[in-house]
Amino acid sequence: MQPDRPPAAPNRTLLEVRGLTMDFGGIKALDHFDLRIREGEIAALIGPNGAGKTTFFNCLTGMYAPTAGDMLFFLPGRKTVRLNGLKPNKVTEQGLARTFQNIRLFPNMTVLENVMIGRHCRTRARVLGAVFRDPRTRREEREIVRRSYEIIEKIGLADQVNEFARNLPYGAQRRLEIARALATDPVLLLLDEPAAGMNPRETRMLDELICRIRDEGLSILLIEHDMKLVMSLSDHIFVMDYGKKIAEGPPPEVRRNPQVIRAYLGEDIVHDHA
Amino acid sequence: MARKRTIMIFLRDVRGALLISLWFMFLTFPIMVIKVNPIERTVVWRWDNMAYVGLLSFLLYLAGRQYLKYRERRLESSRRQSMEEKTKRFLRRLSENPVPAYTLMAVAGVFALSFPFVFSTYQTNIMITALMYVVLGLGLNIVVGVAGLLDLGYVAFYAVGAYSYALLNLHFGVGFWFALPIGALLGMTFGILLGFPVLRLRGDYLAIVTLGFGEIIRLILENWNEFSKGPSGISNIPRPGLFGLEMPLETAITYLYFLMIGLVLFTVFVVRRLQDSRIGRAWYALREDEIACQAMGIDKTRTKLTAFALGATWAGMAGVIFAAKTTFINPASFTFLESAIILCIVVLGGMGSIVGVILAALILILLPEYLRAFSDYRMLVFGAVLVLMMVFRPQGLIGHRRRTYTIKPDAGRSGNAA
């Protein structure tokens, strides 16, 4: 999204997670989990409920401190960042933005303001600037509104800029969350079940939107249960169960993987089919 | 069938009203019925008062029930026509068509400017107090209303401001105008000091810690005699000066009044600009959802600290003025009740709404003063007003409105149409 960023080079690693372990007092929500995301790809993380997908997101974005392992972020043209131990806002500053499984918008703020919050970490006005409104602050403020509006237009909510976020229909709220994340100028976008609860039409719109975002040079990692969406969108799929990675690969390969089928459907069915 | 049901519901209401009136007769028994005459050592039993209380609460309850039902019916039948929509539309009309708004402001301005010349010194004095609470309310509004951090010890910063002027004046002869910024700075420092330990807390826990902090400051002032002269307080604090001019008391009060008007305007100006800035938006976001706020790249620590520090700054300034106004301070002026009243102002006015807070401060401070005629019952009335407000208008006198932006389609530039 930043114009000055070098073009995405396929096959260059953007994020590498090694041996990530999250121990909740005896329960291993993540158990030596590995993952690698390449630049410009759409990766999906799937697995049964409770497999540790959201825990992984929370570790990655600094909400939880993982017990062990490394999370390395290779920024194009910049120094490699180790994400372990960074506060959530610092992670976002590095260029990882996320959405939430259960929508967490700012309900009593308008659509535009929600997106403007996303610009916070890319702007600098302080208290004195806010009170005196010097030219620099005013320019910055105009820029925030302009950029936010641009993103809202792209996401298709331009008619509702001044509407309270809580008054939006469900699908629009999900898209607004993506818009808010985009406003932070991310390199990697983390979507936690973006299609949950959407009707087929909304899902189709989401599909298009994610593709468009990818085409602009962003990399995307999504958690999703809608298999149709996952299979059609992703370049690479990671499958988790009980905090472990049980399979990975391009969609057709994963679909045929017996371990994946077992995790999803249970032992008996696999035996019946075999 | 329907008729029978209406009668049934009505009978249930009557039963409720009876219970309520019994309860009220019991509650008000000590103050309404028993009257002790300590000189003649007699007790007068005013049973007729009990009947009045019973009858009145019975009727009020019934009327209230009918009103609630009426409102519910109206809400159901036409959501769009509800009272809220109407006030919203009225406010929108006001902002779209600025003439009545400007007229209102002009009237308020003329009234404010001519007040000390039209009314007595006593009235002006009351007004100064009310204006002080306006400033305090606006300051706390930053912390509670905007950033959503429930602070029950706000009065501590007020005390810091007042004592910083009193002590600096006592020991070093520092004048009012020099003490004002120092009081503000000290208030800010204490705000940050309180901010650090409570950064991880929210909601009830935060409220308890701030409450404790307020009490600690008061207890220190009360018990550390060498430092603050203890409960006997500090007297002979000079009123604000004007280039060393000697002023008669009446002029001094008028002067203080205009000083307060100035401070109120300054506060409104600053708070408005802050609310409308990057910082203000971060505060609102923090109030709405702390986790999402952090995930969007907002530094929670810094944002909270700024809110605490700025809120406390205004309390510090108000404290300096308080010391200068009363010329005598002691710890008894900084009890929890003060914090509670300031909090009431913010909640009653409408969290985050500047006009609402100003109105609420004026009402809450002036009402008890002018209700002195009913001196026995004024706190009772005051309490009843608070309860009724929270039942019928929980969002406060004036609910906070978000700023709206108009975006010109050509360049995507923005203008303000709030």
Side-chain angles (χ1 to χ4, degrees), chain A residues 61-63 87-94 96-100 103-110 112-114 116-127 129-133 137 140-142 144-150 152-153 158 161-165 177 180-181 183-185 190, chain B residues 92 142 146 148 188 266-267 269-303 305-307 309-310 313 351-352 395 399-409 411-418:
Chain A
T61 51
M63 309 249 158
K87 281 207 267 173
N89 55 306
K90 291 288 168 202
V91 174
T92 310
E93 264 175 47
Q94 293 303 330
L96 268 98
R98 72 172 292 179
T99 65
F100 293 89
I103 303 177
R104 300 194 86 125
L105 287 167
F106 306 117
N108 295 310
M109 294 171 87
T110 64
L112 186 65
E113 280 175 318
N114 264 278
M116 282 165 85
I117 288 291
R119 296 300 299 159
H120 187 94
C121 61
R122 303 291 173 222
T123 46
R124 284 210 303 268
R126 300 285 199 80
V127 172
V131 173
F132 293 114
R133 284 214 185 135
T137 312
E140 189 181 270
E141 193 75 2
R142 264 204 305 275
I144 293 175
V145 176
R146 196 186 58 76
R147 276 283 282 141
S148 307
Y149 187 70
E150 235 173 61
I152 291 171
E153 254 185 336
V161 265
N162 286 320
E163 191 62 64
F164 279 121
E177 249 205 340
R180 190 177 64 175
T184 64
D185 283 345
L190 307 166
Chain B
R92 204 174 302 146
I142 296 177
V146 180
M188 183 191 284
F266 174 64
T267 312
F269 173 80
V270 171
V271 171
R272 263 194 72 124
R273 287 212 152 172
L274 279 175
Q275 284 190 346
D276 228 6
S277 70
R278 171 176 176 266
I279 312 275
R281 277 194 302 273
W283 285 336
Y284 279 113
L286 194 70
R287 179 179 85 174
E288 295 282 296
D289 190 325
E290 219 176 287
I291 289 173
C293 192
Q294 272 183 294
M296 287 305 113
I298 288 172
D299 189 338
K300 192 178 83 175
T301 314
R302 171 177 288 188
T303 309
L305 277 182
T306 344
L310 280 170
T313 307
M351 303 269 236
Q395 73 273 45
H400 181 62
R401 287 190 319 139
R402 301 300 312 161
R403 180 181 169 183
T404 53
Y405 294 80
T406 46
I407 284 132
K408 290 181 194 130
R413 280 237 217 86
S414 80
N416 181 6

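Lettering of chains follows the sequences in order, A, B, ..., and the numbering in each one begins at 1. Everything quoted here is computed from the prediction, not taken from an experiment.
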If we define contacts as heavy-atom pairs under 4.5 Å, which of [options] has the most with chain B?
options: A/E113, A/R180, A/K90, A/R133; answer: A/R133
options: A/G118, A/A125, A/C121, A/A158; answer: A/A125
options: A/T110, A/T123, A/V161, A/L112; answer: A/T123
options: A/R119, A/M116, A/K87; answer: A/M116
options: A/E177, A/R126, A/E140; answer: A/R126

Side chain, backbone, both or neither of [X] within contact of chain B (heavy atoms, under 4.5 Å):
X: A/E150; value: neither
X: A/T61; value: neither
X: A/L105; value: backbone

- Task: Please look at B/L310 and chain A and tell me whether the side chain, the backbone, both or neither of the residue comes under 4.5 angstrom of a heavy atom of that chain.
- Result: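 Interface part for B/L310: side chain.
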- Item | Donor-acceptor under 3.5 Å (A/T184 side chain, B/M296 main chain) |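 No, the answer is negative, given that no donor and acceptor are paired below the 3.5 Å cut-off.
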- Item | Exam field: side chain A/E141 to backbone B/S277, donor-acceptor pair closer than 3.5 Å |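 Pair absent, no side-chain N/O of A/E141 close to backbone of B/S277.
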Mind listing the closest non-hydrogen atom pair of [X] and [Y] along with its distance?
X: A/M109; Y: B/Y284; value: CE-CB, 3.8 Å
X: B/I279; Y: A/V127; value: CD1-N, 4.0 Å
X: B/A285; Y: A/I117; value: CB-CD1, 3.6 Å
X: B/L274; Y: A/A130; value: CD2-CB, 4.0 Å
X: A/H120; Y: B/G297; value: CD2-O, 4.1 Å

- Near B/K300 NZ, under 6.0 Å, is it more than 12 heavy atoms from other residues, nucleotides or ligands?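 Yes, NZ of B/K300 has more than 12 neighbouring heavy atoms, counting only those of other groups under 6.0 Å.
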- Query: Could you give the distance from CZ (A/F132) to CZ (B/R273), rounded to the nearest 0.5 Å?
  - Reply: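 Going from the CZ atom of A/F132 to the CZ atom of B/R273 covers 9.5 Å.
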- Message: Is there a side-chain contact between B/R302 and A/N89 in this structure, where contact means two heavy atoms from C-beta onward sitting under 4.5 Å apart?
- Response: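 Not touching, per the 4.5 Å side-chain cut-off.
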- Task: Check salt bridge (charged side-chain N to carboxylate O under 4.0 Å, His left out) between B/R278 and all other residues, then give those that pass, not counting sequence neighbours.
- Result: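 B/R278: no salt bridge (charged side-chain N to carboxylate O under 4.0 Å, His left out) contacts found.
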- Message: So, using salt bridge (charged side-chain N to carboxylate O under 4.0 Å, His left out) as the criterion, who are the partners of A/R104 when residues are at least two apart?
- Response: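 B/D289.
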- chain A interface, residue from B/T301, B/V270, B/D299 that has the most non-hydrogen pairs under 4.5 Å: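 Going by pairs under 4.5 Å, I would pick B/D299.
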